[in-house]
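Right, one structure below, let's go through it.
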Number of protein chains: 2
Amino acid sequence: MTLRSVGTRSARGKAARFSPRAARTELRRTEIFHSLGLVLQERGIAGITMDEIAQRLGMTKGSLYYYFKDKDDLLYQCHMRAMEVSLRALREAAGLRLPPDERLRRVLVAHIRGITDEVYGAVVLTDIESLSRPRRRRYVAKRDLFERAVRDMIAEGIREKVFREVDVKLAGFAMLGAINWISKWYSPDGPWTSAQIAEGFADFLLAALRP
Amino acid sequence: MTLRSVGTRSARGKAARFSPRAARTELRRTEIFHSLGLVLQERGIAGITMDEIAQRLGMTKGSLYYYFKDKDDLLYQCHMRAMEVSLRALREAAGLRLPPDERLRRVLVAHIRGITDEVYGAVVLTDIESLSRPRRRRYVAKRDLFERAVRDMIAEGIREKVFREVDVKLAGFAMLGAINWISKWYSPDGPWTSAQIAEGFADFLLAALRP
DNA sequence: CCTACCGATCGGTAGG
DNA sequence: CCTACCGATCGGTAGG
C-alpha cells in the first residue's frame, strides 16, 4: 500500500465515473456522515442510532440502508472518509519539498481542520472494536499509514537537527492524541475559530519538538 | 467547592466509618470498576454491558445492582473515582511548595499513572452525555476543578518566566487531551512501562511550555 | 449473590 | 425513500 494509491478512489472502492446519479448519492452520503457527527457531539456515542441519524435529515432509518449496507458499514465508511482527508493533506505537503518542521506543521493544521470543519471527524471517538474484523483491518492499515508518516517527519526533523531527540513513537502518540481529543470539546460557538485552534495546536505541539 | 473539601469522603458521600462490611463492599466496587476498565479496553464502549462486567468477576449481572443503583450510577461512580485519584495528586503536589513547572510535572505524572495503572481510568473515553443531568453536573464540576488547577499552574509558570506565553486554556486542552487519549492505545504488554509513559509524556508536554 | 423473567430499544428487512 | 414489522440484545427487577 503506497501513499499515492490511497484515497484516490471513492470510499466504496469504485472508480469515480461522474454520473449525476452517483454524484447525488455521494453527496447524500456526506450529509449522512455530517448528521452522524452532529449526533455524536450532542448525544454522545450511545446516541448514534440509525433513527437519530436519519431524523436529522428528515428521513426514516430504513432509508439509510439505501446508502449503506448496515450500521457497521456506515461507521466504517465515515472512519475511512475522515482518514482520507488527512492523507490528502499528507500527499499535498509531501509534494512541496519543505523542511520537515514546516511540512509537519502543515499536515497537523490540515489534520486538525479536517476534524473540526467536517464534524464527522469526531468519528475517531467511537470505538473501532465494534467494526467487523476486515473493516477494522482496512481502517487500521490506513490510520497506520498516517501515523507512520507523522513519525517519519519527526525522525527526519531530528536528523536535520530542527527537532530535539525524542522518542518518535511516543511523541507521535502525544501529538495525535491531543488532536483527536479536540472533537471532545470543540464547538463552532466556542472562543476560537477552527483556524485558530489548528494554528494554536500546531504551534504548541511543534514547540515540544524544538531543541 | 474548595480543593480541600473534594475527595475526602467516599464515592457514595457517606463518611468513611471503617466497618469491615463497608470495607468489603468498597473493595468489591473497586473490582467492578477494574472489570469495567478491562471490558472497555478489549470490547470497546459498545461492549460495556452489565453482563460483560459481571461475567469477568464470576458474577451474574443481577448482582451488580447490589453495589450500584443502575448502570448510569456505576459509570458515574467510576468517573468520580478516577477523577479523585488525580485530585489527590493535585493536593499532594500543592503542599510541597515547588516551582510551578516542577509541580505541574508531578501532577501530570500522577495523573497519567492514575489512568494507566488503574485500568478504569479509561472511563474518560465513555461519553458523559449519557449520564443523568445531576450526575453529569457533579462530575463536570469535579473535572473542571482539576482542569482549572492545571491552567493555574501554567499561568503561574508564565508569570514566573519558567514558561513561555501561551494561550493557557488551549495549552491545557492539548496537554490533558494527549493524556486522556493514552487509554486508547496503552497496553501493559506494550514497549513502555506506565512509569516510562508518564515521564515521557510529562517531559514532552512540559517542553512545549519552555521559553 | 443467583434465577427467571419483563419491557424497551434498536438494528435490520419486506414490500411497496 | 416510507411503513410496518421482526428478532435480538440488554437494562432492570422480583423473589429468593
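Residue numbers begin at 1 in each chain, while the letters A, B, ... track the order of the sequences. Heavy atoms only: backbone and side chains are in, while hydrogens, waters and symmetry mates are out.
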Contacts of A/Asp167 that satisfy side-chain hydrogen bond (donor to acceptor under 3.5 Å, both in side chains) - sequence neighbours left out:
B/Trp192
Between D/dC10 (P) and B/Ile53 (CD1): distance, integer Å
12 Å
List the residues meeting side-chain hydrogen bond (donor to acceptor under 3.5 Å, both in side chains) with B/Arg103, not counting sequence neighbours, and say none if there are none.
B/Glu156
Among all residues two or more places apart in sequence or in another chain, which pass the ring pair (Phe, Tyr, Trp, His ring centres under 6.0 Å) test with A/Tyr120?
A/Phe33
Has the side chain of B/Ser194 got a donor or acceptor atom that lies under 3.5 Å from a matching backbone atom of B/Arg113?
no
Could you give the CG-to-P distance, from A/Asp51 to D/dC1, as a whole number of Å?
15 Å
My understanding is that only residues two or more places apart in sequence, or in another chain, count here; which of them pass ring pair (Phe, Tyr, Trp, His ring centres under 6.0 Å) with A/Tyr139?
A/His79
With sequence neighbours excluded, what pairs up with A/Phe173 under the ring pair (Phe, Tyr, Trp, His ring centres under 6.0 Å) test?
B/Trp185
Would you mind writing out the side-chain donor-acceptor pairs for residues 143-153 of chain B within the sub-3.5 Å range, not counting sequence neighbours?
none

Stem ranges of DNA chain C by first residue number, counting only runs of at least 3 Watson-Crick or G-U pairs under 3.5 Å, come to C:1-16 with D:1-16
Measure the distance from CZ on A/Phe68 to C1' on C/dG11 and round it to the nearest whole Å.
16 Å
Winner on side-chain proximity to B/Thr49, out of C/dC2, C/dG11, D/dC10, is D/dC10
note: B/Ile32, atom CD1; C/dC1, atom C1'; distance rounded to Å ~ 11 Å
Would you say a side-chain N or O of A/Ser63 is under 4.0 Å from OP1 or OP2 of D/dC1?
no
A/Gln55 CD to D/dC2 C1': how many Å, rounded?
14 Å
Roughly, in whole Å, what's the span from CD1 in A/Ile48 to P in C/dG11?
10 Å
Write down the distance between CG (A/Leu64) and P (D/dC1), rounded to a whole number of angstrom.
9 Å
Using a 4.0 Å heavy-atom cut-off, does A/Gly58 contact any base of the nucleic acid, only the sugar-phosphate backbone, or nothing at all?
sugar-phosphate
Atom pairs, protein N/O to nucleotides 12-16 of chain D N/O, distance under 3.5 Å:
unit_1	atom_1	unit_2	atom_2	d
D/dG12	OP2	B/Tyr65	OH	3.1
D/dG12	OP2	B/Lys71	N	2.7
D/dG12	O6	B/Lys61	NZ	3.2

With sequence neighbours left out, which residue pairs that include part of residues 37-62 of chain B fulfil the side-chain hydrogen bond (donor to acceptor under 3.5 Å, both in side chains) condition?
B/Glu42-B/Arg56, B/Arg43-B/Glu52
So does B/Tyr66 get a side-chain nitrogen or oxygen closer than 4.0 Å to the phosphate oxygens (OP1/OP2) of C/dC2?
no
Is there a side-chain contact between A/Leu206 and A/Phe163 (heavy atoms, below 4.5 Å)?
yes
